[in-house]
Amino acid sequence: MQAPSAFHLPAEGNVQKYLSPHGKSSEMLRLGQVAPPPQSPPAKRPIMRASEFHLSTTREIPAGAETISHQLMLRAGMIRQLASGLYTWLPLGLRVLRRVEQIVREEMDRSGALELLMPVVQPAELWQESGRWEQYGPELLRFSDRHERPFCLGPTHEEVITDLFRREIRSHRQLPVNFYQIQTKFRDEIRPRFGVMRAREFLMKDAYSFHLDKDCLDRTYQTMHATYTRIFTRLGLNFRAVHADSGSIGGSFSHEFHVLADSGEDAIAFSTQGNYAANVELAVALPPADPRAAPTRPMAEVAPGTANGPRVTVHWMMGRDGNPVGLVLREEHSLNEIKAEKLPQLSAPLRRVTPEDWARLGQGNPAAGLPGADMALIADHAAAALADFVWPGHSDGPVWAGVNWGRDLPEPVVVDLRNVVPGDRSPDGEGTLEIARGIEVGHIFQLGTKYSAALNAQVLDEAGQNRVVTMGCYGIGVSRVVAAAIEQNHDERGIRWPLALAPFQVALAPLQYTKSAAVREATDALYAELQSVGVTVLLDDRNLRPGVMFADLELIGIPHRIVISERTLSGGQVEYQARHEENACLVDRADILPLLQSALNPPER
RNA sequence: CGGGGUGUAGCUCAGCUUGGUAGAGCGCUGCUUUCGGGAAGCAGAGGUCACAGGUUCGAAUCCUGUUACCCCGACCA
């Protein structure tokens, strides 16, 4: 395209008058009012022909692609890897990415948030001001410009938005405000993997809201919760919003949005009957309903194989005071390190006691014996409720059976220490917990004043006093959503896009397109009809053997396929198959348009 | 950063142990026949065997170093 640089490109609706050699434009030219661009080529109709679209599929499973979404994105020709964690989006993949982006944008706009765009490159000063220049690890990619001034590539934009806010917003009357952007992020992940699922460079929607008080923040937070729910619903994904740990970004209150898929990296627990849902990292394990039973037998040292009774395991952690603390759980339960890290008795980055530590402390490994009364013990509720239990011995050595709290061991501090397991009582009291795998695609936080205080972002309140604003932040991993959608929607033949994400809604698959005039005419006519009612269509004019063409269209996951052949055309029919259906069906040519229109516009749920 | 693995044709891989100047399948180009589920025949194109150094008459192959990518652990949307 040769857009004449001296002129604005005409808006699409006005193209005609500029292009017409005889119409208004020449009059206008004569009148000397508007100089049309010289000989702009006619606007090209966006016919999507497979032969011109660079479909680039492969049969082989690419080496080094572990997850299904990564394999399928490579096989379907959606992405190509440039370097570790860096991907090019090919035309097919970009169409899907844009679909996600557009739905996110529409719903954010609808929520009242305002789109802006911030730089990827950020000056170190802001990060020094917030303290994160030092806090953030090596995943913050730092570099210097030609003047030796330090910069970083933005992994997130709290500093930049807070800086913008403090320069722009003066009065509480301008609040609340919620700014968002859809922008490339860079995190120098230690180990990028799973394709765009965990890339170093990725596309993210991040929003930041500003408020004078917590109530106002709460309202926007709820609005974002509802907005995210709308977004993932519109995307056609099976998802859940769960309570979450607020992680390193800090803050008090947060929800994660997970796309459910067996390959997900996170475990999420949710109530079978109630509304409770939480990341397993955070899910509360209720104490057993029944109190501890009384001891019934004496403690005895026995061989490991002969011990009867419930067993416990002990995790020795370094305490804040430098002495070991034993964390006791039932053997069938696993330690929740997030919960453990929050215990005031333990050192803040959790650290296991090493053999060297024991030696330095002048103590033998207590796994070789029962801990004495001077050893600090913290037990999980479930372990604390045991009686006559088995205490572990040293490797193959003897164990202690018939052990009881208070009699053979000091009464422990009792807390929630373990990961929940399926069948646990739900913390909301309704039903029991189930556990599913999820892929985190969204996260909403109440940040509080962490950044606004550090960067001194204040507004004047009603009383004319300066007040530090309180903030929320709301992220969606846009590029990750694409991969997550595939993890959730695929079969042995390839991708099965939810309609909202599909790169094309309909594929036309003519047989003998270049040989049969009847097929070509019928196909072109159908193409034009579909396009005129706004359906996105891919016309596979590659004249491939049917098997190859079908396999390609199924691999790339187009939801609806119409096969046009002389055989069915002679009976006035075409063949229709939905991607998620097992079999095709014959449809009268006259019925195909209404059929597709109803398939593409399902009634509101 | 630890631990492990792999770099050979566009893709997936053999060849390396035992050194002798590089192969298969798929894909790609041309022609012919085929044409409703990844066709067949014929003819072709395509590789400084990741890079550098060394050993050797001779290195994809043996040695040393470097580098890239992948997998397992701590980070994260």
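Any value given below was found using the heavy atoms of this structure, including those in side chains, with hydrogens, waters and symmetry copies removed. Below, chain A is the first sequence line, B the second, and so on; all start at residue 1.
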A.B. asks: Answer with yes or no whether A:Arg198 presents, from its side chain, a donor or acceptor under 3.5 Å of a partner atom in the base of B:C75.
C.D. replies: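 Yes, a donor-acceptor pair under 3.5 Å.
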A.B. asks: B:G47 and B:A22: how far apart are their P atoms, nearest whole angstrom?
C.D. replies: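 Going atom to atom, P in each nucleotide, I get 13 Å.
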A.B. asks: Have a look at A:Ile61 and say if it touches a base, only the backbone sugar-phosphate, or nothing, with a 4.0 Å heavy-atom cut-off.
C.D. replies: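 Sugar-phosphate contact only.
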A.B. asks: Could you tell me if A:Thr156 and A:Arg187 have a donor-acceptor pair between their side chains, going purely by distance under 3.5 Å?
C.D. replies: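 No, A:Thr156 and A:Arg187 have no side-chain donor paired with an acceptor closer than 3.5 Å.
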A.B. asks: So, taking the atom named OH in A:Tyr228 and the one named OG1 in A:Thr223, what distance separates them when rounded to the nearest 0.5 Å?
C.D. replies: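 Answer rounded to 0.5 Å: 12.5 Å.
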A.B. asks: Assign A:Ala551 to base, sugar-phosphate, or nothing according to its heavy-atom contacts below 4.0 angstrom with the strands shown.
C.D. replies: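 A:Ala551: base contact, heavy atoms under 4.0 Å.
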A.B. asks: A:Phe202 stacking on B:A77: centroids under 5.5 Å, ring planes under 30°?
C.D. replies: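 Stacking between A:Phe202 and B:A77: present.
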A.B. asks: Please give the nucleotide sitting opposite B:U55 as a Watson-Crick or G-U wobble pair, both distances under 3.5 Å, or none.
C.D. replies: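 Across any shown strand, B:U55 pairs with none.
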A.B. asks: Categorize A:Glu554 for me: base, sugar-phosphate, or nothing, with a 4.0 angstrom heavy-atom threshold over every strand shown.
C.D. replies: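 Base contact.
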A.B. asks: So does A:Gln81 get a side-chain nitrogen or oxygen closer than 4.0 Å to the phosphate oxygens (OP1/OP2) of B:A68?
C.D. replies: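 So the side chain of A:Gln81 is outside the cut-off, no N or O lying under 4.0 Å from OP1 or OP2 of B:A68.
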A.B. asks: Could you run down nucleotides 22-27 of chain B 5' to 3' and tag each one B, S or - for protein heavy-atom contact under 4.0 Å?
C.D. replies: ---B--
A.B. asks: Would you tell me whether A:Gln181 and A:His157 have side-chain atoms, one donor and one acceptor, within less than 3.5 Å of each other?
C.D. replies: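 There is such a pair (donor and acceptor under 3.5 Å, judged by atom type) between the side chains of A:Gln181 and A:His157.
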A.B. asks: When you get a sec, tell me which of B:C72, B:U12, B:G38 is the closest nucleotide to the side chain of A:Pro62?
C.D. replies: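 The answer is B:U12, which lies nearest to the side chain.
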A.B. asks: Choose from B:A77, B:G37, B:C71 the nucleotide whose nearest atom is closest to any side-chain atom of A:Arg493.
C.D. replies: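 Closest of the options to the side chain of A:Arg493: B:G37.
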A.B. asks: Got a list of side-chain donor-acceptor pairs under 3.5 Å for residues 476-485 of chain A, not counting sequence neighbours?
C.D. replies:
unit_1, atom_1, unit_2, atom_2, d
A:Ser479, OG, A:Leu203, N, 3.0
A:Arg480, NE, A:Met197, O, 2.9
A:Arg480, NH1, A:Glu440, O, 2.8
A:Arg480, NH2, A:Met197, O, 3.1

A.B. asks: Looking only at the side chain of A:Glu66 (C-beta and beyond, no hydrogens), which of the listed nucleotides B:G38, B:A74, B:C71 gets closest?
C.D. replies: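 Of B:G38, B:A74, B:C71, B:C71 is nearest to the side chain of A:Glu66.
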A.B. asks: Give the rounded distance in Å between these two atoms: CZ of A:Arg567 and C1' of B:G37.
C.D. replies: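 After rounding, the gap between these two atoms is 12 Å.
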A.B. asks: Check the phosphate of B:C72 against A:Arg191, side-chain N and O only, distance under 4.0 Å to OP1 or OP2. Yes or no?
C.D. replies: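 The answer is yes; a side-chain N or O of A:Arg191 sits under 4.0 Å from OP1 or OP2.
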A.B. asks: Looking at A:Ser84, does any N or O in its side chain come under 4.0 Å of the phosphate oxygens OP1/OP2 on B:C70?
C.D. replies: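 So the side-chain polar atoms of A:Ser84 do come within 4.0 Å of the phosphate oxygens OP1 or OP2 of B:C70, strictly under.
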A.B. asks: As a test of reading the structure: which of B:C35, B:G38, B:C1 is closest to the side chain of A:Asp552, going by heavy atoms?
C.D. replies: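 Taking heavy atoms from C-beta onward, the closest nucleotide is B:G38.
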A.B. asks: What's the closest nucleotide to the side chain of A:Glu440 if the choices are B:A77, B:C13, B:C35?
C.D. replies: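 It is B:A77.
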A.B. asks: When you measure from the side-chain N and O atoms of A:Arg193 to the phosphate of B:C72, is any distance below 4.0 Å, counting only OP1 and OP2?
C.D. replies: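 True: A:Arg193 side-chain N/O within range (under 4.0 Å) of B:C72 OP1/OP2.
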A.B. asks: Could you verify whether a donor N or O on one side chain and an acceptor N or O on the other, from A:His225 and A:Thr227, lie under 3.5 Å apart?
C.D. replies: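 Looking only at side-chain atoms, A:Thr227 and A:His225 do not form any donor-acceptor pair under 3.5 Å.
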A.B. asks: Check every atom of B:G38, B:C75, B:C76 against the side chain of A:Glu189 and return the nucleotide holding the closest atom.
C.D. replies: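 So the nucleotide nearest the side chain must be B:C75.
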